Asker: 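Let me give you the structure first, and then I'll get to my questions.
Order of listing sets the numbers, starting from 1, for every ligand and every atom in it. Every heavy atom of this structure was used, including side-chain atoms; hydrogens, water molecules and symmetry mates were not. The shown structure was predicted, so the numbers you read here are calculated from the model rather than taken from an experiment.
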Amino acid sequence: LKTTYDVVIIGSGGAGLTAAIQAHELGLKPVILEKMPKIGGNTTRASSGMNAAETNVQLHHHIVDSFGDFYDETLKGGGNLNNQALLKFFTEHSALAIDWLADHGIELDDLTITGGMSVMRTHRPSSMAPIGGFLVTELLKQVAAAKLPLFTDIKVDQLVQTDGKITGVKATTANGAVTINAGAVLLATGGFGANKALLGKYRDDLKNYQTTNQPGATGDGILLAEAVGAKVVDMDQVQVHPTVQQDTDHAYLIGEAVRGEGAILVDQQGKRFVNELDTRKNVTAAIDQLGGTGAYLIFDRGIRDRVKAVEFYDHIGLVKTGADLAALATEAGLDADTLTQTVADWNQAVANHADTAFKRTTGMDRDIAKGPFYAIHIAPAVHYTMGGVGINPATQVLDKQDQPINGLFAAGEVVGGLHGNNRIGGNSIAETVIFGRQAGQQMFKYLQ
Ligand code: ADP
């Protein structure tokens, strides 16, 4: 670890890694500091994919999409509360981010769909591996090839500000405290879903919820920025993920991909109760209304084959299996006749392309007919914090008068505003790559 770099990047998730690579390619010397022993942050836990519109990948799949639709649907999903300047930048740079990844040998050439989107714009690797682990592994190859310094177990505790400019950080290492000087600092520290005190401060109702987040998601970047006068926005906007398996001490985010490929959700009796691909907020509300029992994802072999992660969940005992639906119902504690009828009705809806019961219109290309059949018990858990530091589309952190704080940049989940009151699945990975690239470019420009 040296005492001076061009830029200090705090956090080794998708945003930090992307920004480091981009900054390096423009000739800067970045360092990445990660407080945890493990690299990759919450990014490694992302499952569905990366949203983007107007991509060549979509055209290869005969999907004609537009930035405008991507914008409108994200705004609608976010309750019209999204920061529109950030959203505009985000949607209009989404295809470029997919291209940039492809230029680096990181191909996301398969497509799926997530709740709230009208077309397949969630890009993922053709191996159908969960996006997060794949992306971090691939970005780390680039970091290694460029010999970029990346240190784990170094926690940034404070930003150094001189004459109104951020000029470095103070951090704690295994060997004690250090000060690192830099021309610019990027907060890529992720959200605060694992910080019960901070959650409780803004959302008392959620402080006892389990979380899907890694333990390091404690909102450090928000506190660091506030200490130098940054404004924070939307801090009470917390996404509760509707479909989290939480019967063991680890909360596993399971449902998104399985729902997108055609799984249905049923209650304790075995009845459907919601459009499974409605927004996360609405699906969560519907599950909460069941009265604390949680719900069950129901799917078949065909759907399972499209979602690799299920194999892992099965391996660790979280998936119930039955040769037929009645056997599955018994295994999962549901009513056999009801479940059988529910699935028959659903298969009819798929055949008719019309879900008269709940008006689902997406993720219904496959019926649930090919045994064995599967069930996963799920319930809502804290998943994503939409709030965070205020930035402009140049990723500059803003003070309370909306003026940039010189030398301080932020990208990724630490930022507030892009998602409004509800983040769409596939938009967080997109945010890390799109704004990570932008941060790398803007820090370069700032340092010219
Ligand atoms: P994003 O998706 O926005 O890139 P992630 O959650 O994937 O966010 O990554 C953020 C990373 O930042 C995590 O690995 C987290 O442990 C790390 N981090 C958070 N606070 C600090 C800190 N104070 N010092 C160093 N690293 C931090």
Asker: Show me which atoms of ligand 1 lie under 4.0 Å from any heavy atom of Glu413.
Answerer: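 The atoms of ligand 1 under 4.0 Å from a heavy atom of Glu413 are 3 (O).
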Asker: Would you check whether Leu224 has a nitrogen or oxygen atom less than 3.5 angstrom from a nitrogen or oxygen atom of ligand 1?
Answerer: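 Between Leu224 and ligand 1 (N or O atoms, distance only) the closest approach is not under 3.5 Å.
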Asker: Do the rings of His93 and Phe89 sit parallel, tilted or perpendicular, given the 30° and 60° boundaries?
Answerer: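 Aromatic pair His93/Phe89 classed parallel.
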Asker: May I ask whether Glu431 has any heavy atom positioned less than 4.0 angstrom from an atom of ligand 1?
Answerer: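 No, that is not the case, since the closest heavy atom of the residue is not under 4.0 Å from the ligand.
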Asker: Is there a heavy atom of Leu17 sitting under 4.0 angstrom from any atom of ligand 1?
Answerer: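 In this structure, Leu17 fails to qualify as a contact of ligand 1 - no heavy atom is under 4.0 Å.
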Asker: Would you mind checking if Lys359 and Asp278 are paired as a salt bridge, meaning a charged N to carboxylate O distance below 4.0 Å?
Answerer: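 Lys359 and Asp278: not salt-bridged.
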Asker: Between ligand 1 and Ala188, can you find any atom pair, the residue atom being a heavy atom, that is separated by under 4.0 Å?
Answerer: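 Yes, that is the case, since the closest heavy atom of the residue is under 4.0 Å from the ligand.
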Asker: Please enumerate all residues that pass ring pair (Phe, Tyr, Trp, His ring centres under 6.0 Å) together with His250, with sequence neighbours excluded.
Answerer: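 By the ring pair (Phe, Tyr, Trp, His ring centres under 6.0 Å) rule, His250 matches Tyr252.
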Asker: Thinking salt bridges, do Arg121 and Glu73 make one under a 4.0 Å N-O criterion?
Answerer: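 Judged by the 4.0 Å cut-off on N to carboxylate O distance, Arg121 and Glu73 do form a salt bridge.
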Asker: For Leu33, take its heavy atoms, then give the atoms of ligand 1 lying under 4.0 Å from any of them.
Answerer: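 Those atoms are 25 (C), 26 (N).
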Asker: Check step by step if side-chain contact (heavy atoms from CB on, under 4.5 Å) holds for Asp247 and His377.
Answerer: CA-CA 8 Å; Asp247 297 333; His377 183 220; 2.9 Å; yes
Asker: Count the heavy atoms of every other residue, nucleotide or ligand shown that sit under 6.0 Å from NZ of Lys38, and state whether that count exceeds 12.
Answerer: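 Counting neighbours around NZ of Lys38, 12 or fewer heavy atoms of other residues, nucleotides or ligands fall under 6.0 Å, so no.
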Asker: May I ask whether Gly40 has any heavy atom positioned less than 4.0 angstrom from an atom of ligand 1?
Answerer: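 Heavy atoms of Gly40 do come under 4.0 Å of ligand 1.
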Asker: Side chain, backbone, both or neither: which part of Ile10 has a heavy atom under 4.0 Å from ligand 1?
Answerer: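 Under 4.0 Å from ligand 1, Ile10 contributes side-chain atoms alone.
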Asker: Which ligand 1 atoms, with their elements, are less than 4.0 angstrom from a heavy-atom of Met36?
Answerer: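 Ligand 1 atoms under the 4.0 Å threshold to Met36: 16 (O).
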Asker: Of the choices Ile222, Thr432, Asp220, which has the non-hydrogen atom that lies closest to atom 20 (N) of ligand 1?
Answerer: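 It is Asp220 that holds the nearest heavy atom.
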Asker: For Gln214, take its heavy atoms, then give the atoms of ligand 1 lying under 4.0 Å from any of them.
Answerer: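 Atoms satisfying the 4.0 Å criterion: 13 (C), 14 (O), 15 (C), 16 (O).
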Asker: Report yes if some N/O of Gly41 lies less than 3.5 Å from some N/O of ligand 1; otherwise report no.
Answerer: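 Checking ligand 1 against Gly41, an N or O pair does fall under 3.5 Å apart.
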Asker: For ligand 1, which atoms sit closer than 4.0 Å to a heavy atom of Asn42?
Answerer: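 Once the distances to Asn42 are compared, the set is 5 (P), 6 (O), 7 (O).
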Asker: Donor-acceptor pairs are to be reported for all side-chain atoms of residues 162-170 against protein atoms at under 3.5 Å, with residues two or more places apart or in another chain.
Answerer:
unit_1 : atom_1 : unit_2 : atom_2 : d
Thr162 : OG1    : Thr167 : OG1    : 2.8

Asker: As an exercise, identify every atom of ligand 1 less than 4.0 angstrom from a heavy atom of Gly412.
Answerer: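 Heavy-atom distances to Gly412 below 4.0 Å select 3 (O).
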Asker: Are Gln210 and Val382 side-chain neighbours, meaning at least one heavy-atom pair lies under 4.5 Å?
Answerer: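 Heavy-atom side-chain distance check fails, nothing below 4.5 Å.
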Asker: Start with the C-alpha distance between Ile222 and Phe192, add both sets of side-chain angles, then the distance that settles side-chain contact (heavy atoms from CB on, under 4.5 Å), and finish with yes or no.
Answerer: CA-CA 9 Å; Ile222 295 166; Phe192 61 97; 3.6 Å; yes
Asker: Below 3.5 angstrom, do we get any N/O pair linking Lys155 and ligand 1?
Answerer: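 Lys155 vs ligand 1: no N/O contact under 3.5 Å.
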Asker: Please check whether Val414 reaches ligand 1 - meaning an N/O of the residue sits under 3.5 Å from an N/O of the ligand, judged on distance alone.
Answerer: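 Between Val414 and ligand 1 (N or O atoms, distance only) the closest approach is not under 3.5 Å.
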Asker: Using a 6.0 Å cut-off, check whether atom NZ of Lys196 has over 12 heavy atoms from anything other than its own residue.
Answerer: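 Enclosed.
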Asker: Below the 3.5 angstrom mark, is there an N/O of Val156, backbone or side chain, next to an N/O of ligand 1?
Answerer: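 Between Val156 and ligand 1, an N or O pair is found under 3.5 Å apart.
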Asker: Can you name the atoms of ligand 1, numbered from 1 with element, that are less than 4.0 Å from a heavy atom of Thr189?
Answerer: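 Under 4.0 Å from Thr189, ligand 1 has these atoms: 10 (C), 12 (O), 19 (C), 20 (N), 21 (C).
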Asker: Could you tell me which atoms of ligand 1, counted from 1 in the order shown, lie closer than 4.0 angstrom to a heavy atom of Ile154?
Answerer: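 This gives 24 (N), 25 (C) as the contact atoms.
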Asker: Give me the one residue out of Asp220, Thr189, Asp153 that meets side-chain hydrogen bond (donor to acceptor under 3.5 Å, both in side chains) with Lys35.
Answerer: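 Only one option passes, and that is Asp220.
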